[in-house]
Protein chains: 2
Amino acid sequence: MNSAPAPASTPADSLDDLPSPAQDAAATLAAFEASGSGGQAKNLHGEVLARLRTYIVEGNLADGARVPERQLCELFGVSRTPLREALKVLAAEGMIDLLPNRGARVRALGPDEIREAFDVMGGLEALAGRLACERITEAGFEEIERLHYAMYGFYLRRDLSGYFRCNQAIHQKIVEAAGNATLKATYDSFANRCRRVRYAANLDRQHDRWGEAMREHEAILEALRRRAGSELGDILFQHLRNKSVAALEQKTQDPESAPAAG
Amino acid sequence: MNSAPAPASTPADSLDDLPSPAQDAAATLAAFEASGSGGQAKNLHGEVLARLRTYIVEGNLADGARVPERQLCELFGVSRTPLREALKVLAAEGMIDLLPNRGARVRALGPDEIREAFDVMGGLEALAGRLACERITEAGFEEIERLHYAMYGFYLRRDLSGYFRCNQAIHQKIVEAAGNATLKATYDSFANRCRRVRYAANLDRQHDRWGEAMREHEAILEALRRRAGSELGDILFQHLRNKSVAALEQKTQDPESAPAAG
DNA sequence: AGGCGCCATTTTGCATTCATTTTTTATGGA
DNA sequence: TCCATAAAAAATGAATGCAAAATGGCGCCT
């Protein structure tokens with residue numbers, strides 16, 4: 001169930017020289033990550049859907065590779081019917097393509113599609129920011145603030161994994177603070193679709209972009225503090241767009257970097 | 001295929017006293033509507049999915065009603081397998097709820113969910129406006145301008161149906177002008193989900209709201225003309241929000257107005 | 001020797017069938 | 001008469017079986 005790559009150990013206990021809110025970085029992050037991902041696994045179809053989704057998201061299937069029904073059936077230990085239903089849903093979510101009479105292929109996100117998806121995520125986050133400014137409580141803001149400083153701690157320690165997870169947690173929290181379940185569901189769907197790209201393409205060797213992203217996050221927190229909805233929306237959209245540009249630049253440098261297990 | 005209620009006749013030939021671009025209102029609108037809706041019907045599953053979607057959107061099933069597999073099977077003349085696959089997809093799209101072992105129910109959009117869906121659509125349209133300002137050509141703008149004046153013509157004639165369809169066409173065109181297929185697909189999904197509400201709730205007896213909406217559209221066109229992306233985004237979001245407020249107000253006055261066939 | 005067409009195997013799409021759960025109905029007791 | 005319990009009926013969830021299309025391999029023709 002833990003789809004994010006697990007760090008070897010928590011470096012939190014040696015973070016004494018950081019700003020004070022960052023001390024509970026690992027705790028804050030762990031608390032967030034524990035609360036999420038309540039996947040519904042009532043009937044077999046739902047379970048297969050969830051398992052297959054993570055299976056694909058985690059990169060077990062190459063881009064554009066065939067998705068063999070038969071093999072997955074015996075891998076999951078189910079018949080073809082529920083698996084085929086899951087395939088249809090994943091196709092509707094845009095994670096795979098369903099060629100008529102020719103089976104399913106994992107959708108290879110080309111540069112254009114990555115750009116598109118990131119722009120949509122940017123639009124959704126902009127909306128989330130706007131709504132969050134309308135509805136967020138002071139306590140909610142403070143939680144994001146804590147995550148922000150925790151992220152800053154990871155940034156100072158050059159802990160990419162922790163930074164990455166905090167980053168995701170902040171964006172997730174903003175979306176949740178919007179108080180719009182429909183938005184959250186849509187956003188999560190896109191986040192899933194982009195996960196393969198996001199981790200691999202996230203400022204792995206572009207430390208200059210890393211600092212820029214950190215500054216953007218400062219602006220995000222600042223706008224959220226002032227409840228400046230429209231402005232926050234602009235910043236979030238631009239943030240996502242910069243992220244996609246960086247991702248694409250790296251992708252061209254590093255053509256096929258399979259993000260198999262981090 | 002024509003899910004919008006068809007007007008009895010085209011009143012275009014008697015529009016001499018309107019602003020000149022409005023004369024070809026019907027032609028402009030017809031040209032737009034002819035170009036749309038290329039549904040993929042390769043295999044049986046896809047066809048059933050499309051048919052079932054329109055079947056539900058057009059209001060043949062009451063809110064919260066059971067979706068009887070068996071009856072639909074013989075209605076569409078297929079076995080349960082493809083129909084069930086279609087149901088799973090519709091559930092993923094959020095159009096129906098799938099209760100385990102208890103069948104499917106058409107999702108009843110309560111006030112909260114309507115608000116949520118309209119806000120998301122507003123966010124998507126805001127994004128579309130922003131992107132459209134980056135990418136739209138002069139020809140594309142002029143097409144929207146034509147539709148706008150056509151809509152104005154319908155507004156002056158108090159032709160609600162024509163106005164409504166022009167309105168939809170404009171929003172659709174803005175989304176298309178964004179040049180982002182992913183965005184368009186997501187937007188269309190939400191538009192489908194809201195269609196039942198939108199027509200019924202659209203300024204049917206609220207002629208004051210009608211004028212307000214018309215003024216907002218003036219502002220939309222103006223911002224688009226200046227390619228003011230962020231501003232256009234704000235306007236579009238607010239426009240959708242006002243629309244949802246009006247929709248909800250009317251819905252409370254008119255508790256269960258089934259929009260069956262206009 | 002290389003390209004083209006034909007046949008076998010595999011895979012996909014769909015219908016049918018079986019098992020489990022829910023819903024309805026009928027019956028008995030209070 | 002009303003409620004509770006239980007059996008029958010219906011509907012859902014999943015598996016299997018069958019027809020059609022595609023993929024791969026082979027021989028044949030040029």
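Order of the sequence lines fixes the chain letters, A, B, ..., with proteins taken first and strands second; residue numbering starts at 1 for each chain. Remember, predicted model here, so these are calculated numbers, not experimental data.
For the helix from C:dA1-D:dT30 to C:dA30-D:dT1, the axis fitted to the five pairs at one end and the axis fitted to the five pairs at the other end meet at an angle of 10° (nearest 10 degrees).
Looking at which nucleotide of DNA chain D each of A:Pro82 and A:Pro100 is closest to, the 5′-most match is held by A:Pro82.
Set against D:dA11, C:dA15, D:dA14, the side chain of B:Arg66 has D:dA11 as its closest nucleotide. Closest to the side chain of B:Thr81, from the set D:dT12, D:dA22, C:dT16, is C:dT16.
The minimum heavy-atom distance between B:Arg193 and B:Leu109, with the atom names listed, is O-CD1, 3.7 Å.
In summary, B:Asp97 and B:Arg105 do not engage in a salt bridge, as defined by a charged side-chain N under 4.0 Å from a carboxylate O. B:Glu134 and A:Arg241 are joined by a salt bridge, as a carboxylate oxygen and a charged side-chain nitrogen come within less than 4.0 angstrom of each other.
Side chain B:Arg80 to base D:dG13: a donor-acceptor pair is found below 3.5 Å. A donor and an acceptor atom never sit less than 3.5 Å apart when one is taken from the side chain of A:Ser79 and the other from the base of D:dA14.
A:Glu85 contributes no side-chain N or O that, together with a main-chain N or O of A:His45, makes up a donor-acceptor pair within less than 3.5 Å.
Between the CG atom of B:Leu87 and the C1' atom of D:dA11 there is a distance of 13 Å, given to the nearest Å. In this structure, the CZ atom of B:Arg84 is 17 Å from the P atom of C:dT17, given to the nearest Å. For the pair B:Glu69 CD and C:dA15 P, the computed distance is 13 Å after rounding to whole Å. Atom CG of B:Leu99 and atom P of C:dT23 are 10 Å apart (whole Å). Summarising the geometry, the separation between CG on B:Leu44 and C1' on C:dG13 is reported as 9 Å, rounded to the nearest angstrom. Note: CG (B:Leu98) to P (D:dT12) measures 10 Å, nearest angstrom. For the pair A:Asn101 CG and D:dA19 P, the interatomic distance rounds to 17 Å; values are reported in whole Å. Between the P atom of D:dA14 and the CD atom of A:Glu85 lies a distance of 7 Å, rounded to the nearest Å.
When only modelled atom types and interatomic distance are considered, B:Asn192 and B:Glu93 share no side-chain donor-acceptor pair under 3.5 Å.
In this structure, A:Asp119 and B:Leu131 have side chains that are in contact, with non-hydrogen atoms separated by less than 4.5 Å. With a 4.5 Å cut-off on side-chain heavy atoms, B:Leu98 and B:Leu90 do not count as touching.
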